[in-house]
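What follows is a single structure, written as structure tokens, with notes after it.
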Amino acid sequence: MAGGNQGTLRLLERLDQPGASGGLCSIQAAAELGVDHQTLVGAVKSLQALGEVIEAEARTATRWELSPEGEEVLRDGSPEVRLFRSLPEEGLPQGEAMKLPGGSLGFSKAMANKWVRLDKGAPGGPRVLRAVPSVQDTVQEHLGQVRTGGAQAVPERDRSELKRRKLLLEMTLKSYWIRKGSAFSTAVARPETELTPEMIATGSWRQLPFKPYNFSSLGLPPACGHLHPLLKVRSELRQIFLEMGFTEMRTDNFVESSFWNFDALFQPQQHPARDQHDTFFLLDPAEAPQLPPGYYNKVKKVHSQGGYGSQGYRYEWKVEEARKNLLRTHTTSASARALFQLARQKFTPVKYFSIDRVFRNESLDATHLAEFHQVEGVVADRGLTLGHLMGTLRQFFTKLGLILIPSGLKKWVEVGNSGVFRPELLLPMGLPENVTVIAWGLSLERPTMIKYGIKNIRELMGHRVNLQMVYDSPMCRLDV
Amino acid sequence: CNLCRTPGLITVGALGRTDEEFDELCFEFGLELDEITSEKDIISKEKGEEKAKGASDVVLYKIDVPANRYDLLCLEGLVRGLQVFKERINLPKFEKIIPAEGEGQRLIVTEQTAQIRPHAVAAVLRNITFTKDRYDSFIDLQEKLHQNICRKRALVAIGTHDLDTITGPFTFTAKAPSEIKFKPLNQSKEYTASQIMDLYRTDSHLRHYLHLIENKPRYPVIYDSNGVVLSMPPIINGDHTKISLKTRNVFIECTGTDITKAKIVLDIMVTMFSEYCEKPFTVEAVEVVHPNGKTHIYPDMRQCRKNADYFTKPVNIVETPSSLAKLLTRMCLKSHVTGNGNHLEIEIPPTRADIIHACDIVEDAAIAYGYNNIQMVIPKTYTIANQLPLNKLTELLRLDLAAAGFTEALTFALCSQEDIADKLGTDISATNAVIIANPKTAEFQVARTTLLPGLLKTIAANRKMPLPLKLFEISDIVVKDPNADVGAKNYRHLCAIYYNKSPGFEIIHGLLDRVMQVLDVPPNEENGYTIKAAEGTAFFPGRCAEVFVKGQSVGKLGVVHPDVITKFELTMPCSVLEINIEPFV
């Protein structure tokens with residue numbers, strides 16, 4: 001590293017000399033400074049990384065070099081000359097001439113140059129004889145010129161010939177034209193990249209310059225796990241309910257009886273929602289073994305005969321229909337169970353919530369799945385009104401970052417349902433007459449898709465999820 | 001919700017409003033103008049532009065109507081409701097005219113109907129004037145009622161007849177299919193009932209109703225006193241009694257299996273269309289004679305009174321009883337103050353079968369008052385919030401698993417039988433799984449008994465992601481349990497998977513150790529956890545261990561069997577851990 005620093009410093013000093021104001025060729029500079037060209041290029045690059053200290057313009061140059069054979073010829077002469085000079089005045093039989101320095105290559109070149117001739121009729125076989133009195137070794141001279149950097153002086157035709165004879169090599173060389181930059185200074189040296197324990201120990205960091213960081217690039221992602229975006233929203237909604245003083249209801253039964261899913265909610269047995277094509281019914285266990293004794297008779301009565309100020313639906317209520325098991329179509333069945341438990345004690349006001357899966361035997365598309373999460377809130381107290389329901393909804397949805405606009409002209413974006421539970425639902429459970437229960441529900445997926453800009457629900461829920469999306473999803477703060 | 005389609009021009013004409021004003025009016029009235037369209041648009045959207053050629057481009061309004069507001073399903077009821085709401089007309093007074101003894105129509109029900117369609121009600125609309133629009137609306141309302149409250153004619157079927165073509169008394173009976181013979185509506189010749197069934201087997205509309213009577217020994221049928229067939233409910237009317245624009249007197253019969261709904265349907269039909277009778281809003285009663293000799297006069301025209309201090313509080317409306325009475329009257333619920341001036345008496349008209357309890361009036365009161373005028377208040381209910389312990393534990397574990405470098409998956413609770421059985425090398429009978437009776441596709445055959453298939457499928461869908469893949473899920477599985485009230489029970493499972501070029505059992509084992517560490521369960525046999533070599537069809541032999549906590553088995557971990565990997569279309573080795581976390585609550 002010290003050598004590198006030395007290189008940059010010498011380059012800067014050279015640039016600062018009077019004759020270098022127009023710039024320097026890196027090749028020339030390397031030759032002058034007596035360093036390898038690659039080393040100099042390294043110095044140029046590290047100076048460039050510092051900003052405007054120097055300007056370096058990339059150039060491409062051609063350079064001629066001697067091949068190893070070329071070096072030999074430069075030292076010993078070309079084969080044809082060597083052959084010519086070794087040939088005695090009287091000549092030699094062809095076979096012996098081939099053994100002279102220069103050999104067959106020298107012979108054929110000397111023949112081509114018409115320096116020697118072959119007397120085929122000589123006694124004792126063909127004989128090689130000089131054809132001219134003396135020769136000049138231009139090949140050796142040309143190689144010598146190239147060697148001393150005078151390749152340009154060698155006629156192009158001869159250079160090509162020497163290249164063809166593999167005596168010369170044509171090298172492409174990348175070089176730089178180096179000039180002082182706007183922030184030129186000879187004081188700049190190659191900075192350190194990182195702080196090391198040694199620097200801390202020796203205190204050398206005080207003197208050393210450090211390479212600036214590139215703050216525009218991304219850092220290394222941490223090796224970590226990720227939470228699923230939909231469940232992050234679930235956590236946030238739980239938090240919102242807890243902040244509002246709502247207690248979590250049990251929802252740990254995906255399998256539910258028609259009784260709790262429909263009948264207890266005062267939904268008549270012929271209601272379209274109880275159709276095969278909306279609800280998953282079960283083959284096994286097909287029926288619920290137990291319905292709450294006593295209570296189920298009251299439900300039967302309110303459906304078929306009425307009561308509690310209601311005339312009822314007046315049809316024949318069938319217990320077999322109520323026993324039919326299904327996958328719950330809403331978590332309101334769990335709310336009904338919670339309210340039924342509440343009615344079995346001395347009444348105290350409650351606020352309940354739940355978030356869990358529900359199931360619909362629906363046709364699937366970009367916004368519908370066979371299973372999704374339902375969010376439900378319930379408040380039971382004496383004397384609650386529609387005004388309380390609307391006030392609670394406004395409070396809840398404000399925390400969700402969705403503002404309810406009660407305007408006659410602007411329609412509310414439908415994100416859920418809300419209402420006041422009917423007396424036919426509450427009174428058979430045994431809740432006091434003056435207790436009102438308000439409730440609302442929405443899907444967890446809908447606000448999540450809005451929050452994370454997801455168009456297709458299948459990318460959010462289920463095994464076809466895009467894990468990259470899970471990795472990349474931001475934290476959930478609905479009120480921000 | 002149901003949709004009411006009404007011709008825009010007539011609707012707007014009747015109310016004197018622009019589209020925008022009408023939209024706003026609907027909103028005030030608690031309805032939603034869903035779409036402004038035309039017959040042509042509808043056909044073009046459903047079947048393509050070609051088919052829509054020549055269809056009417058008269059503007060239609062599609063309005064969302066609450067499911068039980070049958071009185072808003074046709075133009076007549078909707079316009080009437082809105083006009084009363086805007087106080088442009090007074091609310092109509094419906095009148096049931098009972099003819100003198102021996103002069104009215106009678107419908108005699110025989111005991112043969114008991115086995116198939118035991119109930120019948122009927123009424124007569126006298127001196128009615130149809131126009132093309134009124135006639136179309138009359139037919140359209142019957143179809144809408146058939147589709148919803150009548151439950152596709154299963155509960156109730158409506159028949160309407162030109163009374164001047166027939167002579168009473170009428171007989172509602174049931175006969176063997178071979179004994180019934182008549183010319184069905186819009187047919188050119190007579191058929192027996194059996195032939196009629198064959199005739200309509202391919203009919204795009206009627207074939208959906210054939211099953212209601214098809215396999216019964218006797219079919220329901222209504223005759224006049226000369227043996228003319230009025231109808232064979234719930235399939236088709238006779239051609240003889242067909243009504244037309246010229247029809248003046250209409251005999252309406254509703255037969256069915258649910259008497260309450262039959263009465264409602266008849267009330268809706270007559271209250272909606274008696275408007276066009278010579279004496280508007282009057283209907284002539286019909287006497288129905290039951291097999292036991294008892295008689296009933298129909299239509300029911302249910303009118304009842306509710307004493308309604310019940311609902312003023314639930315709405316949170318600060319109104320005097322007299323102004324409240326005025327508001328409700330605008331909703332077609334004629335009300336007046338009684339007693340000492342603090343009570344309201346409300347008359348429920350026969351159009352409002354949906355009102356079965358005073359609480360049903362609450363919504364009308366709120367609409368008339370205006371939702372925007374209701375004062376929003378936050379309940380004073382003071383409560384301390386509690387989390388469900390199992391969910392609290394789940395939330396905490398999720399965070400620790402993510403912190404341990406595993407990414408959360410969210411997979412379906414429903415899957416194919418193959419996913420939980422065949423693909424894991426076990427038989428469905430051994431899984432104790434809950435089985436769905438009516439799945440539309442194989443993806444929803446059972447509720448999962450293990451979280452593993454979902455995680456394997458998640459990896460299969462994400463094979464392009466860089467390795468290793470480390471996933472987890474904490475969610476419920478379902479198994480049958482005869483001791484549970486519904487016969488099945490959820491269990492909260494934790495499943496984690498490591499998928500890479502080598503199985504990484506030690507990584508999954510390390511995760512188990514970490515989970516136990518955060519659960520504060522030490523690694524020892526007596527009061528902590530241990531793992532012991534075990535077998536499992538989903539695991540590579542010799543690479544499976546069972547997890548015991550205080551001697552109780554909570555799950556397994558191990559290297560997944562190569563057959564399982566292949567069956568889930570995966571190629572790399574992997575290790576998994578699946579435990580029940582409920583013992584740690």
Side-chain angles (χ1 to χ4, degrees), chain A residues 223-228 230-231 235 242 245-248 250 252-257 270 276 280-285 288-290 309-311 314-315 325 349-351 357 361 370-371 379 381 384-388 390-392 394-395 406 408 420 422-423 436 461-465 467 470, chain B residues 24 27-28 151 155 258 260 313-316 356-359 366 372 374-379 381 383 385-388 391 395 398 401-414 434-438 440 444 447 454 457-458 461-462 465 470 476 478 480 482 485-488 490:
Chain A
C224 62
H226 310 265
L227 294 174
H228 191 283
L230 186 75
L231 300 178
S235 301
L242 293 170
F246 283 64
T247 283
E248 200 167 23
R250 275 188 68 175
D252 58 346
N253 61 308
F254 295 165
V255 173
E256 187 56 278
S257 60
Q270 312 87 348
Q276 291 277 324
F280 287 113
F281 286 94
L282 296 192
L283 187 69
D284 185 20
Q290 302 156 40
S310 171
Q311 63 190 61
R314 305 187 176 197
Y315 67 97
N325 267 337
V350 295
K351 293 190 283 202
R357 292 185 198 230
N361 196 4
E371 55 190 276
V379 184
D381 200 352
L384 293 179
T385 67
L386 213 49
H388 288 115
M390 291 168 72
T392 308
R394 184 174 60 181
Q395 190 186 36
V420 181
R422 298 182 67 91
T436 315
M461 171 114 185
H463 56 267
R464 288 182 201 93
V465 67
L467 282 178
V470 176
Chain B
E24 203 181 317
F27 186 80
E28 271 181 67
R151 306 293 297 121
L155 301 182
D258 183 322
T260 310
K313 270 232 191 84
V315 188
N316 205 24
I356 60 175
H357 188 282
C359 73
N372 301 334
I374 295 173
Q375 203 196 339
M376 296 194 193
V377 279
I378 292 170
T381 313
T383 51
N386 287 306
Q387 303 188 50
L388 206 65
N391 290 357
E395 290 287 290
R398 287 173 60 228
L401 283 166
F406 282 70
T407 290
E408 188 170 36
L410 173 62
T411 68
F412 294 126
L414 306 184
V434 160
I435 298 172
I436 294 164
N438 57 336
K440 279 183 185 149
F444 313 121
K457 289 194 302 195
T458 305
N462 284 278
M465 296 297 291
K470 294 149 91 176
D476 286 2
V478 187
K480 286 189 285 180
D485 69 338
V486 293
N490 283 21

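Here is how names work: the chains are called A, B, and so on, in the same order as the sequence lines, proteins then strands, and each is numbered from 1. No experiment lies behind these values; they were computed from the predicted model shown.
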Practice problem: Check each atom of A:F246 against the heavy atoms of chain B and say whether the ones under 4.5 Å are side chain, backbone, both or neither. | Solution: backbone
Self-check item: Backbone N/O of B:I378 and side chain of A:Q395: donor-acceptor pair under 3.5 Å
Solution: no
Quiz item: If you round to the nearest 0.5 Å, how far is CZ of A:F280 from CG of B:N438?
Solution: 7.0 Å
Quiz item: Heavy-atom distance under 4.5 Å to chain A: side chain of B:L155, backbone, both or neither?
Solution: side chain
Quiz prompt | Interface residue of largest heavy-atom contact number with chain B, from A:L231, A:V470, A:V350, under 4.5 Å | solution = A:L231
Practice problem: With a 4.5 angstrom heavy-atom cut-off, could you sort out which part of B:K480 is near chain A: side chain, backbone, both or neither? | Solution: side chain
Exercise. Return the option, out of A:A288, A:P349, A:C224, A:S310, with the maximum number of heavy-atom pairs under 4.5 Å with chain B.
Key: A:S310
Quiz prompt | Closest approach of A:P285 to B:V434 (non-hydrogen atoms, all atoms of both residues) | solution = CD-CG2, 3.9 Å
Quiz item: What part of B:E395 is in contact with chain A, defined as an atom under 4.5 angstrom from a non-hydrogen atom: side chain, backbone, both or neither?
Solution: side chain
Practice problem: Looking only at non-hydrogen atoms, find the nearest pair between A:R357 and B:T411 and report the distance. | Solution: NH1-O, 2.8 Å
Self-check item: Heavy-atom pair with the smallest gap, counting every atom of B:N490 and A:F254
Solution: OD1-N, 3.2 Å
Practice problem: For the pair B:D485 (side chain) and A:Q290 (backbone), establish whether a donor and an acceptor sit closer than 3.5 Å, ignoring hydrogens and angles. | Solution: no
Exercise. Starting at CE of A:M390, measure out to CE of B:M376 and round the result to the nearest 0.5 Å.
Key: 4.0 Å
Quiz item: With only heavy atoms counted, which part of B:A447 is less than 4.5 Å from chain A, the side chain, the backbone, both or neither?
Solution: neither
Quiz item: A:N325, A:N361, A:L230: which one forms the most heavy-atom pairs within less than 4.5 Å of chain B?
Solution: A:N361
Self-check item: Side chains of B:L410 and A:V465 in contact at under 4.5 Å (non-hydrogen atoms)
Solution: no
Practice problem: Work out which heavy atom in A:T392 is nearest to a heavy atom in B:P379; give both atom names and the distance. | Solution: OG1-CD, 3.1 Å
Quiz item: Do you know which of A:V255, A:D381, A:V379, A:D284 has the most heavy-atom pairs under 4.5 Å to chain B?
Solution: A:D284
Quiz prompt | Heavy-atom pair with the smallest gap, counting every atom of A:H228 and B:E408 | solution = N-OE1, 2.9 Å
Quiz item: Side chain, backbone, both or neither: which part of B:F412 has a heavy atom under 4.5 Å from chain A?
Solution: both
Quiz prompt | Among the listed options B:A413, B:A488, B:P482, the residue most often paired with chain A at heavy-atom distances under 4.5 Å | solution = B:A413
Exercise. Please flag which part of B:N462 lies under 4.5 Å from any non-hydrogen atom of chain A: side chain, backbone, both or neither.
Key: side chain
Quiz prompt | Euclidean distance, A:Y315 OH relative to B:D258 CG, rounded to 0.5 Å | solution = 9.5 Å
Practice problem: Return the option, out of B:M465, B:K470, B:R398, with the maximum number of heavy-atom pairs under 4.5 Å with chain A. | Solution: B:R398
Exercise. Give a yes or no on whether the backbone of A:G245 and the side-chain of B:T383 come within a donor-acceptor separation of less than 3.5 Å.
Key: yes
Exercise. Could you tell me which portion of B:R151 (side chain, backbone, both or neither) has an atom closer than 4.5 angstrom to a non-hydrogen atom of chain A?
Key: side chain
Self-check item: Test item: B:I435 and A:L282 side chains (from C-beta on) under 4.5 Å apart, heavy atoms
Solution: no
Exercise. Check whether B:V478 gets within reach of chain A through its side chain, its backbone, both or neither, counting any heavy atom under 4.5 Å.
Key: side chain
Quiz prompt | Atom pair OG1/CG of B:T458 and A:L467 - distance to nearest 0.5 Å | solution = 7.0 Å
Exercise. Please flag which part of B:N386 lies under 4.5 Å from any non-hydrogen atom of chain A: side chain, backbone, both or neither.
Key: both
Practice problem: Looking only at non-hydrogen atoms, find the nearest pair between B:A385 and A:L242 and report the distance. | Solution: CB-O, 3.7 Å
Self-check item: Exam field: side chain B:T260 to backbone A:R314, donor-acceptor pair closer than 3.5 Å
Solution: yes
